[in-house]
Amino acid sequence: MIAFPISESSPVVYPGPAPSQTDVVVIGGGVIGTCTALYLARQNLRVVLLEKGRIAGEQSSRNWGWIRQQGRDLDEIPIMRRANFLWRQLNEQTNRDIGLKQIGITYMAKSLSDMERYAAWLERVKFTGVESRLLDGDALKRAFPALAQAGFVGALTTPSDMKAEPWVAVPALAEIAAREGVQIVENCAVRALDMVGGKVAGVVTEAGRISAPRVVLAAGAWSALFLRRHGVLLPQLSVRASVGATTDVDLPYGGAGSDGNVAFRPRADGGLSVAAGGFHELFVGPDALRAFPKYLTQLRQDPFGTRLKPMAPRHYPDAWTTPRQWSEDSISPFEAMRVLNPSPNMRKLRQVVRAISQRFPSAGNLGLKSAWAGMIDTMPDVVPVVDHVPALPGLVLGTGMSGHGFGIGPGMGEVLAKLVTEDDTGFDLSRFRFDRFTDGSPMIPGPAL
């Protein structure tokens, strides 16, 4: 059984050593990096996956565990539908029970304005094949009587959406990758790219150099800091999201749900994973100030969704004292903090638990038995960057999943692997291009559902 949360004190499963040469290096052992490495190996490439701390140690194991199509950006949905298929496939290939289960996800409407937002999203995505349905009051009574009794006026629901236990699922994916030839090395930070003649020639790690003509950067909240060291600016920030596990409960509704303020989903251990829907906390640092103009549209659209904290803690990616430049032979910020392990907002989580108990009296005296937090890597338009980096030929970037990474991980991993090999991905990736932040494109945030 994997001890959770995964932290710097967790045992190293993949000690290495890394080889001196390979075909592709993947930086970052979260769900995106792990899936990318796996699908590269399935193209008969030699792949090394390097993680500064532990596989799935950060947001990839700390998220809600939702695998959702519902409420996504229009351009993400085709990749997400592919991810749903791949999750089922991978579930059959692992030696673990990752808790994968089709439970459906439902967004409950507290008002008619909520219903109008849901209807607008459904209209935009109606040609994608997503089977989401809008339920008015009468339909909600028939489909989910417990939600109607809780006072909701309607809902948006997607029966084919799923859940899994992320702290089990992502390490299980790493085990598949290792069995298929990926060389995984934990506790091995990449300090810099090795650039020769203006092109990527490999990476410089704390343990030495690895020669490789192609590199994938999937470092989550640390990606912008890594790029800045090479003079590449990316307006990526990270926000704290707190999650809790409740005591055992038998809710009259068995799926995952959110009303915009409270989110929950059933856990394999009999409780719920709960969080404050649409609520995040930003620790302000120099990068947050520099990127502020890019986030104005998002802030206007959802001015109360993110709470500002006055200062990023020491060693965080955007802390005031975190170096933006360092030499290849000196300790990097990635070694100073092996696992980004923020403290949860307990006050907010207690409010969530009370709100669930009030909505569903049958839940009884629901309590928290554990809590944790993670740092979500986010972008101004709330969709990721999935592209080659023009200034660093040979580098492919997959970051800024904006809270969508766990569910879409296998789909994005497959896409990134095809970008590396320059194969047709089968998807329109123009929404996710790197240069959208510099070519004058307006920042159009994805749906705030």
Side-chain angles (χ1 to χ4, degrees), residues 2-12 26-34 49-65 166-167 170-171 174 186-191 206 217-229 234 236-244 275 280-288 291 306-324 326 331-346 370-379 384 398-406 409:
I2 297 173
F4 181 77
I6 301 168
S7 70
E8 191 171 337
S9 62
S10 300
V12 172
V26 178
I27 305 172
V31 66
I32 303 299
T34 298
L49 174 60
L50 301 175
E51 166 54 48
K52 66 182 177 61
R54 304 292 183 273
I55 292 293
E58 298 190 1
Q59 181 59 15
S60 286
S61 66
R62 298 162 183 262
N63 58 81
W64 299 359
W167 55 91
V170 180
E186 296 177 298
N187 225 44
C188 184
V190 177
R191 292 176 173 173
E206 61 182 292
L217 178 60
W222 299 92
S223 298
L225 181 62
F226 185 91
L227 290 171
R228 179 175 284 278
R229 194 254 178 214
L234 183 72
Q236 177 192 44
L237 300 175
S238 55
V239 294
R240 181 174 72 171
S242 299
V243 189
H280 306 104
E281 296 168 294
L282 172 66
F283 294 103
V284 176
D287 290 338
T306 301
R307 300 291 190 274
L308 299 182
K309 295 293 191 178
M311 183 179 298
R314 189 166 179 258
H315 297 312
Y316 275 41
D318 196 24
W320 291 93
T321 56
T322 296
R324 269 60 184 176
W326 55 89
I331 294 175
S332 69
F334 316 117
E335 295 150 80
M337 178 164 281
R338 296 285 181 181
V339 176
L340 191 50
N341 186 15
S343 300
N345 185 327
M346 296 303 299
S370 63
W372 60 92
M375 299 299 292
I376 296 174
D377 48 313
T378 189
M379 304 303 302
T399 195
M401 296 296 153
S402 302
H404 312 161
F406 177 68

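- Between Pro333 and Leu225, the shortest heavy-atom distance links the atoms CB-CD2, 3.8 Å.
- Heavy atoms only, all atoms of each residue included: Ala373 and Ser343 are closest at CB-O, 3.8 Å.
- Salt bridge annotation for Glu206-Lys52: absent, with no cationic side-chain nitrogen under 4.0 angstrom from a carboxylate oxygen.
- In terms of heavy atoms, Leu340 sits closest to Pro317 at CD2-CD, 4.0 Å.
- Between the side chain of Asp287 and the backbone N or O of Asp318, no donor-acceptor pair lies under 3.5 Å.
- Put simply, CZ on Arg229 and CZ on Arg191 are 10.5 Å apart, with the number rounded to the nearest 0.5 Å.
- Shortest non-hydrogen contact noted between Gly220 and Gln236 is O-NE2, 3.2 Å.
- Listed for the Ser61 side chain is a donor-acceptor partner under 3.5 Å among the backbone atoms of Ala56.
- In this structure, Phe334 and Phe226 have tilted ring planes: the angle between them lies in the 30° to 60° band.
- The distance from the OG atom of Ser238 to the CD atom of Glu281 is 12.0 Å, given to the nearest 0.5 Å.
- The two atoms that bring Ala336 and His315 nearest to each other are CB-ND1, 3.7 Å, heavy atoms only.
- Side chain of Arg54 to main chain of Ser10: a donor-acceptor pair is present (N/O by atom type, distance under 3.5 Å, no hydrogens or angles).
- Here the shortest heavy-atom pairing between Ala275 and Trp64 reads CB-NE1, 3.2 Å.
- Between the Asp377 side chain and the Met401 main chain, a donor and an acceptor come within less than 3.5 Å of each other.
- By the 4.5 Å heavy-atom criterion applied to side chains, Leu217 and Ser223 are counted as neighbours.
- Residue His280 holds its NE2 atom at 9.5 Å from OG of Ser242, rounded to the nearest 0.5 Å.
- Judged by distance alone, with hydrogens and angles left aside, the side-chain atoms of Glu8 form no donor-acceptor pair with the main-chain N or O of Gly53 at under 3.5 Å.
- At most 12 non-hydrogen atoms from other residues, nucleotides or ligands lie less than 6.0 angstrom from CE of Met311.
- In this structure, Ile27 and Leu50 have side chains that are not in contact, with every pair of non-hydrogen atoms separated by 4.5 Å or more.
- The backbone N or O of Val31 lies less than 3.5 Å from a partner atom in the side chain of Ser60, making a donor-acceptor pair.
- Using modelled atom types, no side-chain atom of Trp372 and backbone atom of Asn63 make a donor-acceptor pair closer than 3.5 Å.
- Taken from CD in Glu335 to CG in Asn187, the straight-line distance is 9.5 Å, to the nearest 0.5 Å.
- A side-chain donor-acceptor contact under 3.5 Å links Arg324 to the backbone of Thr322.
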(request) Evaluate the criterion side-chain contact (heavy atoms from CB on, under 4.5 Å) for residue pair Thr399 and Trp222; output intermediate values, then yes/no. (result) CA-CA 9 Å; Thr399 195; Trp222 299 92; over 6 Å; no

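- Although no hydrogens or angles enter the test, the distance criterion places no donor-acceptor pair under 3.5 Å between the side chain of Arg62 and the main chain of Ile376.
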